[in-house]
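A quick write-up on the structure given underneath.
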Amino acid sequence: MLSSLVKVLKIMRIYLLLPALLLSFLLYGSDGYELWLNYQLIENQEIRDEYASAFSFIVADTDEAVVGTAVAELQKGFSGLLGATVDVGPTRGKKNGIYLGLRGQSARIDEYLKLNEVPEVGPEGYHLAFHNGDVLVLAEAAKGLLYGTFDLLRTLQQQVPLAALKRTERPAYTHRILNHWDNLDGTVERGYAGFSIWNWHQLPGFIDQRYIDYARANASIGINGTVVTNVNANALVFRDDYLDKAAALADVFRPYGIKLYLTARFSSPMELGGLATADPLDPEVIAWWKAKVAEIYRRIPDFGGFLVKANSEGQPGPREYGRSHAEGANLLADALAPHGGLVMWRAFVYTDKEGGDRFKEAYDEFTPLDGTFRDNVLVQIKNGPIDFQPREPVSPLFAAMPQTPLLLELQITKEYLGQGTHLVGLANMYEEILETDLHPQEDGGKVRQLVAGIAGVSNIGTARNWTGNLFGQADWYAVGRLSWSPELNAKQIFKEWAGLTFGRQETVVNTVNQMLTLSYPACVNYMTPLGLHHIMATGHHYGPGPWVNDLGRADWNPYYYHGATADSIGFDRTQSGNDALGQYPPAYARQFRDPTTCPPEFLLWFHRLPWDYPLASGNTLWRELALRYQQGVEQVAEIQTLWASLEPYIDAGRFHHVRQHLNIQYQEAQWWRDACLAYFSHASGRQLPPGVPAPAETLERYRAISHPYAPGIRPQW
Ligand code: BDP
């Protein structure tokens, strides 16, 4: 009698709570801090009841720290999703629960395995199942239980009926890493979300809650490593006191299955160790690195290893001593190998050589070294041959180093894609890159099949919502999900993120998906249509600067990349030019060789053509270029309209936040169109076609715009 009264009261409490919770959410909303992990109460009573009956307690058959993390996450998740507290440990009188267990170590799991065949899931994979009223998360190692838990919670957030729960997941890549370009002074190179979240000054004593929430967010999308310092590295991070600080971060990350990595400045033995050289073959240098690495592992037993940018943009490296990149990488690899550490050696190199094309340099430098790197070296390659442009053909290196494990470096921060003010769903770009098939006549030639992992250059900062622009969260989310399942398509990711972030209503999910889907082609159209590239303003790269042609080195100048004259425009990288196309497998390069078959989005990457060149669309090159700039602006207007339609569904805080950024984006899309078309119409001597408005200002005015304090600029520039 008494117990049924308690039951009724409990149910009433939920009913009373529900409208109040919803109302307060709509009124005050979210500030975005909780990202995609906001675990909102499930409104559908039937589903909530179903979940509540299956999740009345949690049993974890292992006491490793990552499993503790998983259990705590489940409790947090259930309290949000079900509005209920779930006990840990079997509870008398309650029939069904959730079991986290390892194969061979848990009676409940082994009982299930007797009846069901589950393939090996490896060190990080897991199997989820609904069996006899219980939910089972099973794995071979504790980390799998953590990832399985986050997947389960994601599934519940999407309100999937439990009966449908039966799947095995294994990550496609072992290496799923974030790269922070964060400096020890708290600034972030190419960061548009405030300052670095690492407060080096107050570490190791002060552990900001953000570090923990950061680790949790990454674990939830499968990220298992993070490089916390900038590739333009500072040797100071290897000093004792800084290593203690780094160790404190590693301690925070460990229970979330995340390894800490550091960037290594190649000249550290000189700067920190006082040696006269950093020559990789010098015995003293070799000894210095060995000792330093041992010191790191004493503090951080699971230290991940080093990321290195060498002989690029002024960074020191082995070339100064006449040694190759492989000799440089192997020096560090040998020091790390006894401890199980890795070297991620970047292929983003270009030298001061006049007359060379940056496009070709990395390939020329690295392909002869294939097969000469130690086993614990990965070569990390940016997606494109130049530099994170809005749309690049993929780097030819992906198909040219079959004996070396490769990492794909993707940009999450949007240095060349609108930085902090533009909504650009990068998952579309990631999908295009991953699905590019460099060996179209063979199996296994897609970029996603050629790499061993993904490194995403982070967009995280001290902004309350982490990424500054709220929709930047979708890019962070996408890199995590793709590094686990690279075959996911952008639409799946957009919808998933939208549902987790803004709630499950279909209108919201579909509209947010439409916005994100439109946004990438929009950005390419209003910035760099038809394969234009590297035409951003100097230094900060914020806004257009196609006219810039007075910088110290030819290939720093936007003009170098398009060379517009009264007759023609574009960069001839075919056989009649510098034959950069020759670096690709012939079967892939074929389509690009001829301007009539070259996909229009890559046209000016590979061809120099007359302004009146007729395109398949029926337009001349000039007309098509102008119309695409205009289309980009119109697409942003469309995105604004889509967002406006969501006003009734989104809390006021986030709605207004996004609306303001979209307003800026619209103005800036116009700025890009007008400034570029003012310049190109001047260079070509051609009038704008009907349908494209005259630029609002004169070319001189656009050239005079300056942003001395634009964020993210390299301190040394
Ligand atoms: C360029 C950035 C520069 C980075 C460099 C890199 O402008 O700040 O240091 O890439 O990736 O895009 O090393």
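FYI, the numbering just counts along the sequence from 1. From a predicted model like this one, the values you see are computed outputs, not experimental measurements.
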According to ring-ring contact (aromatic ring centres under 6.0 Å, His included), who are the partners of Y261, at least two apart in sequence or on a separate chain?
none
What is the minimum heavy-atom distance between L145 and T149, and which atoms define it?
O-OG1, 2.7 Å
Quick check: does any side chain N or O of Y321 sit under 3.5 Å from a backbone N or O of A278, one acting as donor and the other as acceptor?
yes
Any side-chain donor near an acceptor of the partner, Y350 and E313, under 3.5 Å:
yes
What residues form a ring-ring contact (aromatic ring centres under 6.0 Å, His included) with Y584, not counting sequence neighbours?
Y588
Are K382 and E392 within salt-bridge range, i.e. N to O under 4.0 Å?
no
Kindly indicate whether the side chain of T538, heavy atoms from C-beta on, has any atom under 4.5 Å from the side chain of L551.
yes
Salt bridge check: are R210 and D213 linked by an N-O gap of less than 4.0 Å?
no
If we only count heavy atoms from C-beta on, is the R573 to F359 side-chain gap below 4.5 Å?
yes
Rounded to the nearest 0.5 Å, the CG atom of D279 sits from the CZ atom of R323 at a distance of 4.0 Å
Could you tell me the separation between the CG atom of L336 and the OH atom of Y297, rounded to the nearest 0.5 Å?
5.0 Å
Donor-acceptor check, side chain of Q315 to backbone of N232, threshold 3.5 angstrom: yes or no?
no
Sidechain-backbone polar pair: T69 side chain, P255 backbone, donor-acceptor under 3.5 Å
yes
Name the one of L410, L417, T413 that satisfies side chain to side chain contact (heavy atoms under 4.5 Å, CB included) with L426?
L417
Does either side chain, that of N218 or that of W476, offer a donor lying less than 3.5 Å from an acceptor on the other one?
yes
Ignoring hydrogens and geometry, is there a side-chain-to-backbone donor-acceptor pair from D182 to S196 under 3.5 Å?
no
Min side-chain heavy-atom separation L332-W345 under 4.5 Å
yes
Which distance, rounded to the nearest 0.5 Å, do you find between the CG of D375 and the OG1 of T404?
10.0 Å
Quick one: are Y173 and P486 in side-chain contact, heavy atoms under 4.5 Å?
yes
Is it the case that the side chain of N224 and the backbone of R176 share a donor-acceptor pair, with hydrogens and angles ignored and the cut-off at 3.5 Å?
yes
Taking every non-hydrogen atom, the tightest pair across V548 and N557
O-CB, 3.6 Å
Would you say that I454 contacts L434 through its side chain, given a criterion of any heavy-atom pair below 4.5 Å between the two side chains?
yes
Taking side chain as C-beta onward, heavy atoms only, is D334 less than 4.5 Å from I286?
no
Which class fits the ring pair H534 and Y561: parallel under 30°, tilted 30 to 60°, perpendicular over 60°?
parallel
Taking atom CZ of F195 as the centre, does the number of heavy atoms from other residues, nucleotides or ligands within less than 6.0 Å exceed 12?
no
May I ask you to decide if Y363's main-chain N or O and T367's side chain share a donor-acceptor pair within less than 3.5 Å?
yes
Taking every non-hydrogen atom, the tightest pair across L203 and F206:
CD2-O, 3.7 Å
What's the separation between atom CD in E415 and atom OH in Y192, rounded to the nearest 0.5 Å?
5.0 Å
Is the closest basic N to carboxylate O distance between R448 and E487 below 4.0 Å?
no
Heavy-atom side-chain proximity of F388 to V457 below 4.5 angstrom
yes
If you look at every heavy atom in H175 and L407, which pair is closest and at what distance?
CB-CD2, 3.7 Å
Does Q449 reach the main-chain N or O of K446 with its side chain, forming a donor-acceptor pair under 3.5 Å?
yes
Determine whether a donor-acceptor pair (N or O, by modelled atom type, separation under 3.5 Å) exists between the side chain of Q419 and the backbone of H540.
yes
Assert yes or no for the condition that the ring centre distance of Y214 to W198 is strictly below 6.0 Å.
yes
Check P368 against E365 and note the closest heavy-atom contact, atom names and distance.
CD-O, 3.7 Å
Modelled atom types, side-chain donor and acceptor of K414 and N459, under 3.5 Å:
no
Check whether W288 reaches the backbone of S268 with its side chain - one donor and one acceptor, N or O, closer than 3.5 Å.
no
Considering only heavy atoms from C-beta outward, does the side chain of N465 approach that of Q473 to under 4.5 Å?
yes
Does D443, at its CG atom, have more than 12 non-hydrogen atoms belonging to other residues, nucleotides or ligands within less than 6.0 Å?
no
E327 side chain to S324 backbone, donor-acceptor under 3.5 Å:
yes
Carboxylate-amine/guanidinium proximity below 4.0 Å for K292 and E295
yes
Counting only heavy atoms not in D240, do more than 12 fall under 6.0 Å of its CG?
yes
Tell me the closest heavy-atom pair linking N376 and G341, and the distance in Å.
ND2-O, 3.1 Å
Flag if over 12 foreign heavy atoms under 6.0 Å of NZ, K360:
yes
